[in-house]
J.: 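Here it is, the structure in full.
Atoms considered below: every heavy atom in the structure, side chains included; atoms not considered: hydrogens, waters and symmetry mates. Owing to the predicted nature of the structure, the values given are computational and were not obtained by experimental measurement.
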Amino acid sequence: MDLNKLRIIAKSIVAIPEHYQLVMEDSIPIGAEKERCFIWEDPENDDNKIEVTLDLQTGQLVRLDIDAVKENGVGYVCEADEARKVADSFLLKQNPNHASYKWVHIEKGRNNYYITYQEEVGGLPLSHTGCEVTVNDKRNIIKYDLNENLSGAPNRPSWPPSIIAMDTIRSRIIDGIRMQLTIAALHSSLYEIEEMGNEYRLVYEPISEFRVIDAVTGKDLFGFEHYIMPPSHPIASNGTGQHWGQTSQTNESEQTVTIDLDDRKVLALEKQLGIHPEQYVQVKSKDDGERIHILYKRKEKEEAEELEQDALSVDAYMKRKWGNQLKNLDSTCMIQIEKSTGRLVGFNCFDRTKEGKPILSRQQCWQKAELFLYQVFPDYFSYLQLEEDQIEPDEEPRLREFFYLPVFIGGIPVNHERIMISVSTVTGEICAYMGVSYEMIRKLAQHNFQPVISAEAAFERYVDHMKIQLKWFIYYDEESPVYKLVYEPSASKGDLTDDRGDYQQRLRYIDACSGELIWDKKMSLL
């Protein structure tokens with residue numbers, strides 16, 4: 001569609017205040033689609049913004065986002081039926097498919113109503129159809145998101161002639177669940193526990209509660225391995241021999257940053273990481289109380305001249321809006337040091353992913369990674385395991401190899417805590433290191449985690465709350481996406497919420513000592 005015509009359509013969507021200025025107008029590729037995005041801002045307060053995104057081919061509204069500083073005082077408080085009428089009227093003008101949206105859900109937030117429209121088949125909403133509309137307490141549309149893919153949408157399904165009984169599927173799923181001991185970080189802001197801040201507890205976690213079961217065939221669409229973390233195994237403490245031979249004469253205190261984070265220690269760490277002063281310049285340092293963050297750039301990049309850009313382009317807008325943040329993201333190297341222990345907990349060197357022919361095998365890259373790990377985490381073999389390779393035999397060689405090492409305390413995994421190391425297959429250099437808090441590991445190592453209740457007892461408490469729901473699911477096969485009617489399980493509190501198809505709160509863990517049920521905390525919408 002002609003760009004001038006698109007601009008006229010964008011201005012007609014909502015009333016744009018006269019003093020607002022157009023600060024961005026550009027086309028944005030989204031997969032196979034392209035969209036045209038327009039942003040107007042208040043020159044006196046750039047927190048006041050109107051963003052309109054149109055489909056580049058049809059001119060149809062795809063997104064609307066209106067940000068405005070909330071005025072003082074109590075505004076008009078509308079009711080749900082009023083908000084629905086406002087949203088319906090908006091769709092009548094802006095969405096040609098609105099008549100097909102038979103399934104509607106309204107949720108009340110603190111100041112807004114969130115209204116979801118979708119098509120339905122058999123009384124169940126179809127994912128990836130319809131839209132979401134947000135109406136504020138003054139009956140104004142402040143947000144709109146079209147969920148439909150305007151090109152390549154899957155064909156609408158029909159209800160199958162027969163499906164497997166829900167009780168049959170529930171029994172199969174329960175038969176496949178096992179309870180795994182894990183050490184989990186529990187915070188009262190996320191879970192329904194007493195207000196006691198952040199703490200680590202020994203809990204049982206269901207593996208795997210989440211499944212996607214075809215309601216017609218009874219088969220899992222993905223297979224059990226799809227839902228669980230890859231298996232891992234301990235790392236031998238003597239390494240490869242060659243590594244320890246290379247480093248055995250080096251004092252550990254010279255390899256690991258100490259708590260005394262003076263300039264000499266930082267310089268030693270920079271040398272160890274290959275951040276040499278003749279190549280890099282430090283551009284920013286920040287202390288957030290727990291970690292020290294340092295950013296570097298290659299000198300030639302720091303001194304390079306900036307290219308002129310279209311004033312209304314995406315790049316120019318983002319530079320004006322978030323120039324400093326983008327500059328930090330574009331930094332060549334970043335490191336993070338934990339203050340309490342002096343350990344390196346983060347490293348990323350963006351210019352080490354070099355194009356070229358991979359010359360190192362995955363095993364050779366692991367040798368590089370293990371040597372680096374020994375230097376920054378000498379006692380790693382006491383707390384880390386190595387995830388087994390998930391590389392297909394016929395997979396093409398990659399420019400980087402990634403290694404993941406979950407944390408274990410006394411043979412028990414620590415939930416969501418793992419280290420990542422990335423190695424260039426072209427140069428053998430360490431490209432990135434995502435560590436974990438060594439202070440956390442030291443504290444957990446002082447505990448003697450021992451379960452009081454059995455896995456069988458935890459299992460019985462868990463399955464009492466297991467429910468199954470039917471839903472439409474988009475399955476991406478080799479040819480094109482198709483809708484499938486599936487069963488999905490969830491251990492939840494209460495029944496379905498307002499026929500939306502989502503359970504209110506999930507049962508996440510069973511306390512391995514007290515048997516307490518640990519639920520997600522229900523989040524309220526703003």
Side-chain angles (χ1 to χ4, degrees), residues 1-72 75 83 86-87 89-98 111-115 131-151 304-330 526:
M1 184 175 286
D2 179 75
L3 296 183
N4 289 327
K5 188 174 181 179
L6 283 172
R7 191 179 302 114
I8 293 172
I9 294 174
K11 290 181 179 180
S12 70
I13 301 295
V14 293
I16 300 170
E18 293 184 358
H19 68 287
Y20 273 39
Q21 295 180 354
L22 182 66
V23 295
M24 198 196 93
E25 177 185 346
D26 205 351
S27 297
I28 306 172
I30 307 294
E33 297 180 302
K34 288 189 177 180
E35 302 170 350
R36 190 74 172 175
C37 181
F38 304 81
I39 298 178
W40 290 267
E41 285 183 357
D42 182 348
E44 298 178 0
N45 186 346
D46 59 8
D47 287 333
N48 295 334
K49 181 189 72 172
I50 297 175
E51 179 176 339
V52 176
T53 304
L54 306 176
D55 181 81
L56 196 57
Q57 302 299 320
T58 66
Q60 182 178 340
L61 180 64
V62 176
R63 279 185 302 279
L64 171 66
D65 195 352
I66 302 176
D67 289 333
V69 177
K70 190 170 180 62
E71 299 176 0
N72 294 328
V86 171
S89 177
F90 182 81
L91 290 190
L92 189 63
K93 298 177 182 178
Q94 305 298 341
N95 192 312
N97 298 328
H98 67 278
N111 300 310
N112 304 320
Y113 282 98
Y114 303 89
I115 308 176
C131 60
E132 296 175 358
V133 182
T134 303
V135 181
N136 68 8
D137 53 11
K138 296 184 179 180
R139 294 182 295 180
N140 294 321
I141 303 288
I142 61 172
K143 194 173 182 64
Y144 170 83
D145 281 291
L146 183 68
N147 293 328
E148 299 182 31
N149 185 343
L150 296 180
S151 64
E305 294 183 3
E306 298 180 356
L307 300 177
E308 293 186 6
Q309 295 174 325
D310 181 351
L312 296 180
S313 70
V314 173
D315 291 339
Y317 174 75
M318 295 182 70
K319 183 177 179 181
R320 289 193 303 270
K321 192 80 172 177
W322 300 286
N324 292 333
Q325 293 92 323
L326 291 174
K327 183 177 180 180
N328 293 343
L329 288 174
D330 190 44
L526 297 178

J.: Just how far is it from atom CD of Glu132 to atom OH of Tyr144, taken to the nearest 0.5 Å?
T.: 10.5 Å
J.: When rounded to the nearest 0.5 angstrom, what is the spacing between SG in Cys131 and CG in Asn95?
T.: 5.5 Å
J.: For the side chain of Ser12 and the backbone of Ile9, is there at least one donor-acceptor N/O pair under 3.5 Å apart?
T.: yes
J.: Evaluate the side chain to side chain contact (heavy atoms under 4.5 Å, CB included) criterion for residues Lys11 and Phe38: first the C-alpha distance (whole Å), next the side-chain angles of each, then the deciding distance (0.1 Å), finally the verdict.
T.: CA-CA 9 Å; Lys11 290 181 179 180; Phe38 304 81; over 6 Å; no
J.: The test is side chain to side chain contact (heavy atoms under 4.5 Å, CB included); show your working for Leu3 and Leu56 and say whether it passes.
T.: CA-CA 8 Å; Leu3 296 183; Leu56 196 57; 4.1 Å; yes
J.: Could you point out which residue of Thr134, Val133, Val135 forms a side chain to side chain contact (heavy atoms under 4.5 Å, CB included) with Tyr114?
T.: Thr134
J.: Could you measure the distance from the CG atom of Leu146 to the CG atom of Leu64? Nearest 0.5 Å is fine.
T.: 12.0 Å
J.: Report the C-alpha distance between Asp145 and Lys143 in whole Å, list the side-chain angles of each, state the deciding distance to 0.1 Å, and finish with yes or no for side chain to side chain contact (heavy atoms under 4.5 Å, CB included).
T.: CA-CA 7 Å; Asp145 281 291; Lys143 194 173 182 64; 3.5 Å; yes
J.: Before giving the answer on side chain to side chain contact (heavy atoms under 4.5 Å, CB included), spell out for Arg36 and Met1 the whole-Å C-alpha distance, their side-chain angles and the decisive distance to 0.1 Å.
T.: CA-CA 10 Å; Arg36 190 74 172 175; Met1 184 175 286; over 6 Å; no
J.: State, to 0.1 Å, how close Ala87 and Ile115 come at their nearest heavy-atom pair, and which atoms those are.
T.: CB-CD1, 3.8 Å
J.: Does any part of the side chain of Val86, heavy atoms only, come nearer than 4.5 Å to the side chain of Ile141, both counted from C-beta?
T.: yes
J.: How far does NE2 of His98 sit from NZ of Lys93, to the nearest 0.5 angstrom?
T.: 12.0 Å
J.: Do any N or O atoms from the side chain of Asn140 and from the backbone of Ile142 form a donor-acceptor pair under 3.5 angstrom?
T.: no
J.: Shortest non-hydrogen contact from Ala311 to Ala316?
T.: O-CB, 3.8 Å
J.: Between Cys37 and Ile28, what is the shortest heavy-atom contact and its length?
T.: CB-CD1, 3.5 Å
J.: Just how far is it from atom CD of Gln57 to atom CG of Leu6, taken to the nearest 0.5 Å?
T.: 9.5 Å
J.: Enumerate donor-acceptor pairs with a distance under 3.5 Å from any side-chain N or O in residues 16-24 to protein atoms, sequence neighbours excluded.
T.:
none

J.: Could you work out, with side-chain contact (heavy atoms from CB on, under 4.5 Å) as the rule, every residue matching Gln94, not counting sequence neighbours?
T.: Ile13, Leu61, Phe90
J.: Measure the spacing between CD of Glu51 and CD1 of Ile66 and express it to the nearest 0.5 Å.
T.: 11.0 Å
J.: How close do Leu54 and Val52 get, counting heavy atoms only, and between which atoms?
T.: CD2-CG1, 3.9 Å
J.: Should Asp42 and Asp47 count as side-chain neighbours, where that means a heavy-atom distance under 4.5 Å?
T.: no
